[in-house]
Every structure is written in structure tokens, then in C-alpha cells.
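Worksheet: one structure, shown below.
Small disclaimer: the values here were computed from a predicted structure and weren't measured.
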Amino acid sequence: MDTPLSTIAVVGLGTMGTGIAEVLARAGHEVIGIDISEAAARQAVAALEAATARAVRRDRITEEERSDTLARFRTFGDLRAAAEAELVIEVVPESYEIKQQVFRELDAIVSPTAILATGTNALSVTRLAAESLRPERVLGLHFFNPAPAMKLVEVVSSVLTAPPAVEAVTALARSLGKEPVAVGDRPGFVADGLLFGYLNQAAAMYEANYASREDIDAAMKLGCGLPMGPLALLDLIGIDTARTVLEAMYCASQDRLHAPAPVLRQLSEAGLTGRKSGRGFYTYAESGSQTVVPDALTPQDSASAVAGRTVRSVGVAGSGTMASGIAEVFAKAGYDVVLAARSQEKADAAKGRIAKSLERSVTKGRLTTEARDEALARITAAGSPDAFADVDLAVEAVAEDLAVKQQLFGTLDKVCKPGAVLATTTSSLPVVAIARATSRPQDVIGMHFFNPAPAMKLVEVVRTVLTADDVHATVREVCVKVRKHPVDCGDRAGFIVNALLFPYLNNAIKMVEEHYASLDDIDAAMKLGGGYPMGPFELLDVVGLDVSLAIEKVLHGEFRDPGLAPAPLLEHLVAAGCLGRKTGRGFREYARR
């Protein structure tokens, strides 16, 4: 099946089809653009003209190359124009009826050796292939939007697809400068299969009024390094499109995590489909605009109606990386800090670690020697929390064990002065259970920093049903003073970030368990197709598989959803002592230092 693929037809000239046509034409292929809408065809030509003009202005191509590219792109309103194509890529609306009609008509038009590719990201390639007279030549070729910029292309085989057809389009994708990933036929494939479950959970979190849209989006950008928050991304993708993908995924998996959140149906049926309609989770300047404008849900900039308590000194309990990082943050912001550990030796070692961190900042030009010395001088190392008698804010950063934290808070209750705010940095335990270990639960709040604390900008501020308003106001004010971004959330497992992140990581492990895709392909798909700074398995090995398993068990125990049950492969690796980078082996092996 030696197919040169020099002439390629693209059926459907919407945003994706136009982008694919541009990539192909600029790579030297003859491109036949087909759309029943004359307006869409004209818009596609105009888009290619504008894109190539920008490329000339930026000295990426010459004017002659631009003219040649434009000459290679021809548009038509009838499928019969695809007769000379060696490959046809359809990107018509996500509907079996529409796509099957296109394939039936193409069967009677194209050469028997032509390859037919669907650009679907939600529908069954096998079902589409079964309707064709030549199912062995039907496959999926899933580009990501915007096609000219995104490197990932998922090459989807059904059980009917002939290997030479897969080889031909894989070679084509590489020649276009893309990174092809081979996947099997299941709704969402790899990237969208993982991405849309996460987006759905974010929509459900918003619908439950657990956190605001702004806080959910800020948490995932600042806590995970994502280029966009999930609700803003749903608006970009199109809420109706997301609902279609999730419906297809749920039909195949029956996993409740894929059952579209009711708010997606409500917004879709109201015509509030995101940027393209001018309103979705956010409101935009106009249809198609990316500019968010204030609406009734936009937070007001006015100061809090409740005044916070005065905080001049801070106590940090713990001697690990998180405790020393938090102490450094407060000291650099001008607070007097008492760093207390279980022994004076441990406290001194933690202060020494802070000194090294500050010195690195000086070496990198981020801090002056004077600022380093002043920050270090503000930190007092103590061998017991008894030194917290005069602090205004006590922050606990000890082991993630409820009994250990409760014991410490019982001690803080006795030691700290009346009116002191008591904060826990727990990432998964119920804050109210920690608060009830004191006689003043109204003074207790969650203050979840992210590691490394000096670098990460996010703090999840976790109120319990007992937390006083002025305690909440105090912690938000303190976060701003130490140059962190506070997001509000309620006292439930995982808060915002971990509740959205770890089901996504767990689903990635399940893909490997099912032999659907390799570690490398899944990591590549999420970095190239989703803009993630790390693939899920890279991240799991960095976080620690034991830590990840513990968080997933807490999430499963809280929400009781079968889809949140930890993947057996994760449990097996932890049982074997393969915990990630810290042990030299997790999902991958690492060179020991």
C-alpha cells in the first residue's frame, strides 16, 4: 500500500479544517478544500492568506513561498472534487450521521487506493469504518487546535485498519513536523480521554458552588503550571463540543466521571457555548472574542467587609522541606518567624536549609546579600512549639497524619495566646477534624501551600463550617502580603487542585493497565496536546507514588465513586517499594545519585 499522499482533500473548512489545510499546503502538498458553505470556503482562503502574510512579515517564509502555498490550496463545494486525492481528511461536525454520509459518498468518488481519515475526537472510528466499502483504509487522524501550532497528532487504528495505511499517515504527520502517537479506537483517545474527564470534574466542582470559576482556574494554573484553567478551556473548546465528547466517553465507559455535568447541558441548551457565542462560564466582549468582560459573577475588588486580625509574628511547626520553605516565605516578607521542630537539632538543620536556599537566590541575582541576612535574622529556631507563645499566626507543616496533627494542635491550643490564628497545611485531611482537637475551632483554618513554597504562588485557603470570618480575612490578607495568590475552597478531600489532578493521574495509569497506550505516548500526548508541563507519569514519579496513592485513597473514601478507586498498578508499585524518583524507580527507572 505505497501511497505518496501528494494530493490531500480536507472536507469541512471550519477552524480545524482550515488549520489542517494550512499545515498541508505550507508543507508542499496539493490541498483540495471542500465545504458546502461558500462563506466557509472564502473564510478558509482568507485565513490562509492572513497566516502566510504574517509568516512573510516575520521572515519565516519568502513572498515566493507564500504565493506557492496559496496556489496549492483550492476550494470546492462538492465532494466530487476529492476524486484525485490520495488521502481525504474529514473534519465535519461530530455526528455519526453526517460523517457516515460523507464516507458513503467518498466511497463512490475516490480511488480504491485512497486513505480515508476522520478527524473525530469523540466518535468510534471502527463504527465509521464499518460503513465504508474499504474499512481497511479508514483510520483516525486527530489534529489538535490550533493545528498549525500544536505538535500532537493521534493516529487512530481500528481493528479493521491495514498497517500500511497507518504507516503512510504516520510518515505524513512526521513530515509535517508533528509528533504522531499511535492509539487504539476509544472515545477521546489519549489526550482528550484524559483531558475531558478533568474538565468535567471542574465543571461539576463549579456547579456544586464549591469554589468560584476564577479560583478553580487560578488554582489549576498556579498549582499545576497549566496554560489555562479548566473552565476557561471549556469556553475555548466549546461547551457543546465538550458535552458531545463526554457523552461518547460515558457511553463507552459507563464511568460516572465521564457523565457530563448537568451545567454543561444547561449552558449548551441555552446557547451559551463559550467564546464562540460570547458567553459560557465567562462572558466575552463579543462572539468569538477572547476578551473576558465583567459580569454578575465577577468578584468585586472592594476590600473585605470583615477586618482581619493583626499578624506581626508567625510560628512554623515542622522541620521538613515544606516547613522550611514556608518559614523562608514569611521571613522574606518581613515577618518575625519562630521555626519549631521536635528537637533543637532538627530546628537548626531546617534553618540551615533556609540559609542555603537564600544563598542560592543571592547567587541567581534574585536577592541581595542584605535582604538575605535580614531574612535569616528574622528566623528563630526552637526545639519545641512552646516557643509559639507570642506568635499571631501558627502554621503547622508536620507529617500528613491526622493523629499527629491533632496532637500538635492540642499542644498549640495550650501554648498559643488567645486570638492567634492556627493554620494547617494539610493537602488531604479534614481541617475540621484537626480544629476539633482544640478548644477554639473558630480560630483554625487550612492554609495549603504548594511545594516548593518559595516558588509556588498558590495557597488554598480552606474554611471549615466553624472558621470565624475574621480568621478567613486574616489568612487572605497574609497571603497577599507574602505575594501568594489565595483561592477559597471548602473543607473536603483534595480541595481544588488535588481533587481535579489525581483522578486525571489515576485514569492515565488505567490506560497503561489496559495496554491502550505506552507511558511515553501518554506523557507526550498530554504535553504536546494539552500543554501540560509534565506528562502524568513524569509527575507521578516526582510527587511520589506512595503520596499519590494516599491522596487517591482519601478521595475515594470521601466521594465513594468507583471511578476514583486507585488503579491496581499504582498499589502494586507502592507495595514493591517503587515510589518514584526518590527510590530510583517508579513508573520509570532513574539513575541513582
ask   = In chain order, what residues pass the side chain to side chain donor-acceptor pair (under 3.5 Å) check against Asn200, with sequence neighbours excluded?
value = none
All side-chain contact (heavy atoms from CB on, under 4.5 Å) counterparts of Ala44, not counting sequence neighbours = Leu13, Thr18, Phe73
key: Positive for side chain to side chain contact (heavy atoms under 4.5 Å, CB included) with Ile20, one of Leu176, Val10, Val153   = Val10
ask   = Is any side-chain heavy atom of Asp185 less than 4.5 Å from a side-chain heavy atom of Phe189?
value = yes
request  = Name all pairs fulfilling the salt bridge (Lys or Arg N to Asp or Glu O under 4.0 Å) condition that reach into residues 488-501, sequence neighbours left out, sorted by first residue then second.
outcome  = Arg476-Asp488
message = Could you measure the distance from the CG atom of Leu555 to the CG atom of Leu500? Nearest 0.5 Å is fine.
response = 9.5 Å
query = Relative to each other, are the rings of Tyr284 and Tyr282 parallel, tilted or perpendicular (30° and 60° limits)?
reply = perpendicular
task = Answer yes when Lys510 and Glu514 have at least one side-chain N-carboxylate O distance shorter than 4.0 Å, and no when they do not.
result = no
Residue pairs, two or more places apart or on separate chains, that pass side-chain hydrogen bond (donor to acceptor under 3.5 Å, both in side chains) and touch residues 461-471 = Arg309-Asp470, Arg463-Asp469, Thr464-Thr467
message = Determine whether a donor-acceptor pair (N or O, by modelled atom type, separation under 3.5 Å) exists between the side chain of Tyr96 and the backbone of Ser124.
response = yes
task = Measure from the side-chain N and O atoms of Asn506 to the backbone N and O of Ala565, and report whether any donor-acceptor pair falls under 3.5 Å.
result = yes
query = Do Thr120 and His142 come within less than 4.5 Å of each other through their side chains, counting heavy atoms only?
reply = no
request  = Look at the aromatic rings of Tyr532 and Tyr198 and report parallel, tilted or perpendicular, splitting at 30° and 60°.
outcome  = perpendicular
inquiry  = Are Val156 and Leu139 packed together at the side-chain level, in the sense that at least one heavy-atom pair is separated by less than 4.5 angstrom?
reply    = no
query = Hey, does Leu123 have a side-chain heavy atom less than 4.5 Å from the side chain of Pro187?
reply = no
inquiry  = Rounded to the nearest 0.5 Å, what separates atom CG in Leu540 from atom CG in Leu519?
reply    = 10.0 Å
ask   = Does some side-chain heavy atom of Phe281 sit less than 4.5 Å from a side-chain heavy atom of Leu267?
value = yes
request  = Could you list all the salt bridge (Lys or Arg N to Asp or Glu O under 4.0 Å) pairs where at least one residue sits in residues 239-268, not counting sequence neighbours?
outcome  = Asp240-Lys276, Arg243-Glu269, Arg256-Asp561, Arg265-Glu269
Side-chain donor/acceptor pairs under 3.5 Å, residues 478-486, sequence neighbours excluded:
{"residue": "Lys484", "atom": "NZ", "partner": "Ala453", "partner atom": "O", "Å": "2.6"}
{"residue": "Lys484", "atom": "NZ", "partner": "Met456", "partner atom": "O", "Å": "2.7"}

key: Flag side-chain contact, heavy atom, 4.5 Å: Leu501 against Ile551   = no
message = Taking side chain to side chain donor-acceptor pair (under 3.5 Å) as the definition, give me every residue that meets it alongside Asn145, ordered by chain and number, with sequence neighbours left out.
response = none
note = Between the CG atom in Leu528 and the CG atom in Asp521, the distance rounded to the nearest 0.5 Å is 10.5 Å
inquiry  = Among residues at least two apart in sequence or on other chains, which ones pass side chain to side chain donor-acceptor pair (under 3.5 Å) with Ser361?
reply    = none
request  = Starting at OG of Ser277, measure out to CG of Asp235 and round the result to the nearest 0.5 Å.
outcome  = 8.0 Å
Ser287: partners by side-chain contact (heavy atoms from CB on, under 4.5 Å), with sequence neighbours left out = none
task = Nearest 0.5 Å please: distance from the CZ atom of Phe450 over to the CE atom of Met322.
result = 8.5 Å
request  = Mind jotting down which residue pairs meet the salt bridge (Lys or Arg N to Asp or Glu O under 4.0 Å) criterion with at least one end in residues 204-221? Sequence neighbours excluded, please.
outcome  = Arg213-Asp295
ask   = Got a sec: does the CD1 of Ile98 have more than 12 other heavy atoms crowding it under 6.0 Å?
value = yes
message = Listing request: all salt bridge (Lys or Arg N to Asp or Glu O under 4.0 Å) pairs with a residue in residues 531-558, at least two apart in sequence or in separate chains.
response = Lys527-Glu538, Asp546-Lys582
Between CG on residue Asn507 and CG on residue Leu257, distance to nearest 0.5 Å = 6.0 Å
ask   = When you measure from the side chain of Glu94 to the backbone N and O of Ala122, does any donor-acceptor pair fall under 3.5 Å?
value = yes
note = For residues 35-61, the side-chain hydrogen bond (donor to acceptor under 3.5 Å, both in side chains) pairs (sequence neighbours left out) are Thr52-Arg66
message = Treating Thr118 as the side-chain partner and Glu90 as the backbone partner, does any N or O pair qualify as donor plus acceptor under 3.5 Å?
response = no
